Amino acid sequence: MSVSEWVSSSLPYLTPRPDGQQDAWGAEVAARGRRGSQRVVHAGEVPASPDVAGLLGLDGEETVIVRRRMMYLEDRPCELTDTYYPAAIARGTRLAGTAKIPGGAVTLLAELGHVGVRVREDVTARLPGEEEQGALDIPPGEPVLHLTRVAFDSADRPIQLDLMTMPARLQRLRYEIRIG
């Protein structure tokens with residue numbers, strides 16, 4: 001693995017953290033002896049786009065809570081992440097604000113009684129839009145990976161949707177699946 005490549009596994013981002021533990025991104029970066037940070041650039045209630053509404057199983061008139069974040073590795077932008085929650089479960093919580101959430105959003109969701117038990121992820125490669133290209137500081141023509149992750153509770157209701165965009169040359173996504 002090259003110095004600039006990042007191998008990421010989804011599992012740490014899907015499970016609540018023990019009380020007092022840092023969020024999954026902070027723990028992953030620290031475990032590799034690297035510096036990472038994130039900045040919430042926007043949080044609040046917005047109308048659900050047709051795509052977001054469809055992925056969260058909402059009708060077209062509902063609103064969602066969104067947290068838009070810029071992730072940094074060694075002070076360089078490495079990922080754009082928009083996380084959406086049905087407003088019915090996130091309105092009025094720390095998910096609707098820009099402050100850091102101790103243990104991460106998945107931990108807060110669990111505290112609120114919403115625990116993910118199943119996740120569906122789709123990964124595609126594409127060329128970035130101009131805004132993504134500028135935000136990620138990548139040259140024209142360089143592809144990005146786009147990961148769509150939907151977490152479902154025990155009643156098979158979507159509780160969280162992540163839309164992540166990252167430079168393809170810097171990423172390797174790893175999936176380990178236990179069989180049986």
Side-chain angles (χ1 to χ4, degrees), residues 6 8-49 51-53 55-58 62-117 119 121 128-129 131-132 134-137 144-154 157-167 170-171:
W6 187 260
S8 185
S9 175
S10 295
L11 187 59
Y13 296 89
L14 305 173
T15 53
R17 313 290 289 177
D19 196 24
Q21 248 188 33
Q22 66 187 143
D23 62 82
W25 171 245
E28 183 177 19
V29 172
R32 294 167 190 224
R34 309 279 298 269
R35 284 182 303 111
S37 62
Q38 58 181 295
R39 182 172 55 92
V40 178
V41 296
H42 173 78
E45 193 163 344
V46 298
S49 72
D51 288 343
V52 168
L55 289 164
L56 286 174
L58 306 173
E62 293 187 62
T63 60
V64 292
I65 301 299
V66 63
R67 288 176 63 86
R68 291 195 165 102
R69 292 171 292 150
M70 172 68 79
M71 313 301 284
Y72 297 91
L73 182 60
E74 307 295 345
D75 299 323
R76 299 224 28 189
C78 65
E79 183 178 301
L80 303 171
T81 300
D82 290 350
T83 304
Y84 297 89
Y85 307 92
I89 66 173
R91 183 183 291 122
T93 71
R94 289 176 285 168
L95 294 168
T98 58
K100 188 166 176 70
I101 298 172
V106 171
T107 300
L108 177 57
L109 276 174
E111 291 170 7
L112 296 170
H114 304 283
V115 177
V117 299
V119 172
E121 291 189 354
E131 189 175 316
E132 293 168 322
L136 292 169
D137 192 26
V144 293
L145 294 179
H146 185 74
L147 188 145
T148 300
R149 174 187 295 148
V150 184
F152 298 86
D153 67 11
S154 61
R157 293 178 300 233
I159 58 172
Q160 179 174 320
L161 164 64
D162 295 300
L163 301 176
M164 297 169 265
T165 303
M166 56 206 97
L170 300 179
Q171 301 292 329

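What you see is a predicted model, and the numbers here were worked out from it, not measured in a lab. All values below come from the heavy atoms of this structure, side chains included, with hydrogens, waters and symmetry mates left out.
Here the closest non-hydrogen pair linking Ile159 and Pro86 is O-CD, 3.5 Å. Nearest heavy-atom pair, Cys78 versus Pro167, reported as atom, atom and distance to 0.1 Å: O-CD, 3.3 Å. Here the shortest heavy-atom pairing between Glu79 and Leu136 reads N-CD2, 3.6 Å. Between Pro158 and Gly57, the shortest heavy-atom distance links the atoms CG-N, 4.2 Å. Closest approach of Ala90 and Ile65 over heavy atoms only: CB-CG1, 3.5 Å. Gly97 and Ala43 get closest at one heavy-atom pair: O-CB, 3.3 Å.
Arg91 is linked by a side-chain contact (heavy atoms from CB on, under 4.5 Å) to Glu45, Thr63, Ala87, counting only residues two or more places apart in sequence or in another chain. With sequence neighbours left out, Ala135 forms a side-chain contact (heavy atoms from CB on, under 4.5 Å) with Met70, Leu80. Under the side-chain contact (heavy atoms from CB on, under 4.5 Å) criterion, Asp137 pairs with Arg76, Pro77, not counting sequence neighbours. Every side-chain hydrogen bond (donor to acceptor under 3.5 Å, both in side chains) that His146 has, sequence neighbours left out, goes to Arg126, Thr165. With sequence neighbours excluded, the residues that form a side-chain contact (heavy atoms from CB on, under 4.5 Å) with Pro128 are Glu132, Gln133, Ile138, Val144.
Of the residues listed (Leu56, Val64, Val66), the one engaging Leu161 in a side chain to side chain contact (heavy atoms under 4.5 Å, CB included) is Leu56, and it is the only one.
The structure places CZ of Arg94 at 10.5 Å from CG of Leu109, a figure rounded to the nearest 0.5 Å. Atom CG in Leu163 sits 8.5 Å away from atom CG in Asp51 (nearest 0.5 Å). Atom-to-atom distance recorded for Asp162:CG and Tyr85:OH is 6.5 Å, nearest 0.5 angstrom. With values rounded to the nearest 0.5 angstrom, Leu170 atom CG is found 8.5 Å from Leu73 atom CG. Here the NE2-CZ distance, from His114 to Arg157, works out to 8.0 Å after rounding to the nearest 0.5 Å. Between the CD atom in Gln171 and the CE atom in Met164 there is a gap of 10.5 Å [rounded to 0.5 Å].
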Stepwise side chain to side chain contact (heavy atoms under 4.5 Å, CB included) test for Lys100 and Gln38: CA-CA 9 Å; Lys100 188 166 176 70; Gln38 58 181 295; 4.3 Å; yes
Step-by-step side chain to side chain contact (heavy atoms under 4.5 Å, CB included) determination, Thr83 to Gln160: CA-CA 7 Å; Thr83 304; Gln160 179 174 320; 3.6 Å; yes
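When side chains are defined from C-beta on, Leu147 counts as touching Glu121, because their heavy atoms get closer than 4.5 Å. At least one side-chain heavy atom of Ile101 sits less than 4.5 Å from a side-chain heavy atom of Leu95.
Residue pairs meeting the salt bridge (charged side-chain N to carboxylate O under 4.0 Å, His left out) criterion with at least one partner in residues 63-73, sequence neighbours excluded, are Arg68-Asp82.
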